[in-house]
Number of protein chains: 2
Amino acid sequence: MAGSSKRNQNDKRTRIIDAAIQVIAEKSYHLARISDIAKVASVADGTIYLYFKNKEAILLTIFEEKMEELIGIVRLELDAITGAEDRLLCFIEQHFIQVRRHPELARVLQIELRQSSHFIHDYRPESLWEYLKIASEIIKEGQEEGVFRPDIDPFIFQWSLFGALDELSVQWILSKKRERFPFQQVAQQIGSVFLSGLTTK
Amino acid sequence: MAGSSKRNQNDKRTRIIDAAIQVIAEKSYHLARISDIAKVASVADGTIYLYFKNKEAILLTIFEEKMEELIGIVRLELDAITGAEDRLLCFIEQHFIQVRRHPELARVLQIELRQSSHFIHDYRPESLWEYLKIASEIIKEGQEEGVFRPDIDPFIFQWSLFGALDELSVQWILSKKRERFPFQQVAQQIGSVFLSGLTTK
DNA sequence: TTTAAGAAAATGAATAATTATTCATTTTCT
DNA sequence: AGAAAATGAATAATTATTCATTTTCTTAAA
């Protein structure tokens, strides 16, 4: 079949990434053996090194590719909405929707990734900044529209909001009884607090 | 000198903890060798194992003891203040004050600790919950006083606030140019947003 | 269509490097 | 003298990574 070689290559690469997400989410990054990932992906250990420089590169690739995917989805959702207030609420809601939709990926991105010393200390997470930029852009829009307080620094605000979203997601992921963090209510409450705090009186 | 043996023991234990904070803050947890810590503490490698079960136990001990210390300080500061609104602002301010006062410790608690798989996955961080409880208690007080919205869930709010404080501290710690996060302004902005979002109209 | 040579991809057993931890010995204290 | 504390060289266990070998794919000549 024409092109089947290339397609199979992609399949194999995808299989490795998917297997890594699954295994790392289940056993944690440090306990996830390359051989575990290889087994789940149905490839030999060595094959992984044809596609990734080393174990950590798998983690960083997951981050980069999945974040870009997420950013695309969120941007698309936001395009359908006008008005800074509703757009901010949509952003908050989408964050939780995506976490719930892909809990294994969320665990890797929000918990395991941070056990990579390299990621924390040296890596420039461009796509994280792109994600944050979505939030700060909404703030700026709102300030231009006059619905958001002009004295709020979008840079500080974006980190506050991200911190809150992130922490609550992490607690949801880690909690055994996830009912303690009902997403619908969590999103509504965060949205309500941040929005009230942000809007002009 | 009477009691000098016991005091020296404590000295040695304290020296190890202080050395660990210093070395881990500088090199990161995984690159911090037991022998590095021992050297800075002026003890033999083996001596560390007379005081701590293993490397991770040092990290957990730092967490427990320093968090208790922090909680004591913050509680003391709060005791001097009445009114839920001012108490919440004080809590926020204190968080940043302590981070700036002990940047190496903050780095260990807020960044390196989270590279401990055990801490993330199995450990019950009682003293973190005690710290969060300070926040949620203030909310409840405010709700009873009638100055805070009764529809806000203190449990969700405490995590949102903590997430925001934590994320901004982390960014301050990691940023080369810390001027990008002027603490005074950051504390003021977070306080302003969370308070406006929380107060009854 | 068949074949075969060479290239590319995949394999997985062997390796190599690392460093937390131990413990036989020494030093200090009571 | 005996106990307690401290030492630091030796150990032991781990697993990511490598690479010699095998398998699969590609191409083009017969």
Side-chain angles (χ1 to χ4, degrees), chain A residues 1-24 26-62 108 112-113 115-119 122, chain B residues 1-24 26-62 108 112-113 115-119 122:
Chain A
M1 262 174 283
S4 77
S5 158
K6 189 61 181 294
R7 180 163 346 106
N8 285 342
Q9 272 186 42
N10 286 337
D11 279 357
K12 205 160 282 189
R13 202 189 116 98
T14 305
R15 286 215 313 273
I16 293 170
I17 288 182
D18 291 344
I21 293 171
Q22 188 183 318
V23 173
I24 292 171
E26 188 191 341
K27 316 182 71 160
S28 90
Y29 178 63
H30 288 298
L31 294 180
R33 306 288 153 233
I34 288 289
S35 54
D36 297 328
I37 296 170
K39 196 179 294 170
V40 171
S42 305
V43 297
D45 294 15
T47 304
I48 289 180
Y49 290 85
L50 300 175
Y51 293 88
F52 301 94
K53 192 164 137 279
N54 51 37
K55 189 180 172 184
E56 196 167 43
I58 304 174
L59 208 51
L60 297 185
T61 301
I62 291 171
V108 174
E112 303 304 328
L113 190 63
Q115 292 186 43
S116 157
S117 197
H118 176 237
F119 180 80
D122 314 313
Chain B
M1 263 175 282
S4 78
S5 158
K6 189 60 181 295
R7 182 166 340 105
N8 284 341
Q9 272 188 40
N10 286 336
D11 281 358
K12 204 160 281 187
R13 203 189 115 98
T14 305
R15 286 216 312 273
I16 293 170
I17 287 182
D18 291 345
I21 293 170
Q22 188 185 317
V23 174
I24 292 171
E26 189 193 339
K27 317 182 71 160
S28 89
Y29 178 63
H30 288 298
L31 294 180
R33 304 288 154 233
I34 288 290
S35 54
D36 297 327
I37 296 170
K39 197 178 292 170
V40 171
S42 304
V43 297
D45 294 16
T47 305
I48 289 180
Y49 290 86
L50 300 176
Y51 293 89
F52 300 95
K53 190 164 139 281
N54 52 39
K55 188 182 173 184
E56 197 168 43
I58 304 174
L59 207 53
L60 297 186
T61 301
I62 291 171
V108 174
E112 302 304 329
L113 190 64
Q115 292 187 44
S116 155
S117 194
H118 175 237
F119 179 80
D122 312 313

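Since this is a predicted model, take the numbers as computed values, not measurements. Scope of the values below: all heavy atoms of this structure, side chains included, with no hydrogens, waters or symmetry mates. Just so it is clear: chains get the letters A, B, ... in the order the sequence lines come, proteins before strands, and each one is counted from 1.
Regarding L50(B), its CG atom lies at a distance of 13 Å from the C1' atom of dT27(C), rounded to whole Å. R15(B) has its CZ atom 13 Å from the C1' atom of dA5(D), to the nearest Å. Distance, I48(B) CD1 to dA5(D) P: 17 Å, rounded to whole Å.
When the side-chain nitrogen and oxygen atoms of K12(A) are compared with OP1 and OP2 of dA9(C), none of them lie within a distance under 4.0 Å. For dA5(D), neither phosphate oxygen OP1 nor OP2 lies less than 4.0 angstrom from any side-chain nitrogen or oxygen of Y51(B).
Less than 4.0 Å separates DNA chain D from at least one heavy atom of each of the following residues of residues 36-44 of chain B: V43(B), A44(B).
The side-chain contact (heavy atoms from CB on, under 4.5 Å) test applied to A32(A) returns V23(A), I24(A), not counting sequence neighbours. Not counting sequence neighbours, the partners of S116(B) by the side-chain hydrogen bond (donor to acceptor under 3.5 Å, both in side chains) test are E56(B). A search for side-chain hydrogen bond (donor to acceptor under 3.5 Å, both in side chains) contacts involving K39(A) returns nothing, not counting sequence neighbours.
Looking at every heavy atom in both residues, L59(A) comes nearest to E112(A) through CD2-O, 4.3 Å. Closest non-hydrogen pair, S28(A) versus S117(B), comes out as OG-OG, 3.4 Å.
Inter-residue side-chain proximity for H118(A) and L60(A) is flagged as met; some heavy-atom pair is nearer than 4.5 Å.
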Filtered N/O pairs between nucleotides 13-17 of chain D and protein, under 3.5 Å:
{"from": "dT15(D)", "atom 1": "OP1", "to": "R33(A)", "atom 2": "NE", "distance (Å)": "3.1"}
{"from": "dT15(D)", "atom 1": "OP1", "to": "R33(A)", "atom 2": "NH2", "distance (Å)": "2.4"}
{"from": "dT15(D)", "atom 1": "O5'", "to": "R33(A)", "atom 2": "NE", "distance (Å)": "3.3"}
{"from": "dA16(D)", "atom 1": "OP1", "to": "R33(A)", "atom 2": "NH1", "distance (Å)": "2.9"}
{"from": "dA16(D)", "atom 1": "OP2", "to": "I34(A)", "atom 2": "N", "distance (Å)": "3.0"}
{"from": "dT17(D)", "atom 1": "OP2", "to": "Y49(A)", "atom 2": "OH", "distance (Å)": "2.7"}
{"from": "dT17(D)", "atom 1": "OP2", "to": "K55(A)", "atom 2": "N", "distance (Å)": "2.8"}
{"from": "dT17(D)", "atom 1": "O5'", "to": "Y49(A)", "atom 2": "OH", "distance (Å)": "3.4"}

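Distance check: T61(A) OG1 to R13(A) CZ gives 6.0 Å after rounding to the nearest 0.5 Å. Between R15(A) atom CZ and I37(A) atom CD1 the span is 14.0 Å, to the nearest 0.5 Å. In this structure, D36(A) CG and K27(A) NZ are separated by 4.0 Å, a value rounded to the nearest 0.5 Å.
For the side-chain contact (heavy atoms from CB on, under 4.5 Å) with Y51(A), the lone residue among I58(A), T14(A), I16(A) that qualifies is I16(A).
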Inset, instruction - Using a 3.5 Å limit on both pairing distances, list the dot-bracket string of DNA chain C from the 5' end; Watson-Crick and G-U wobble pairs count, crossing pairs take [ ], interstrand pairs take |. - result: ||||||||||||||||||||||||||||||
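Between the side chain of K55(A) and the backbone N or O of Y29(A) there is at least one donor-acceptor pair closer than 3.5 Å.
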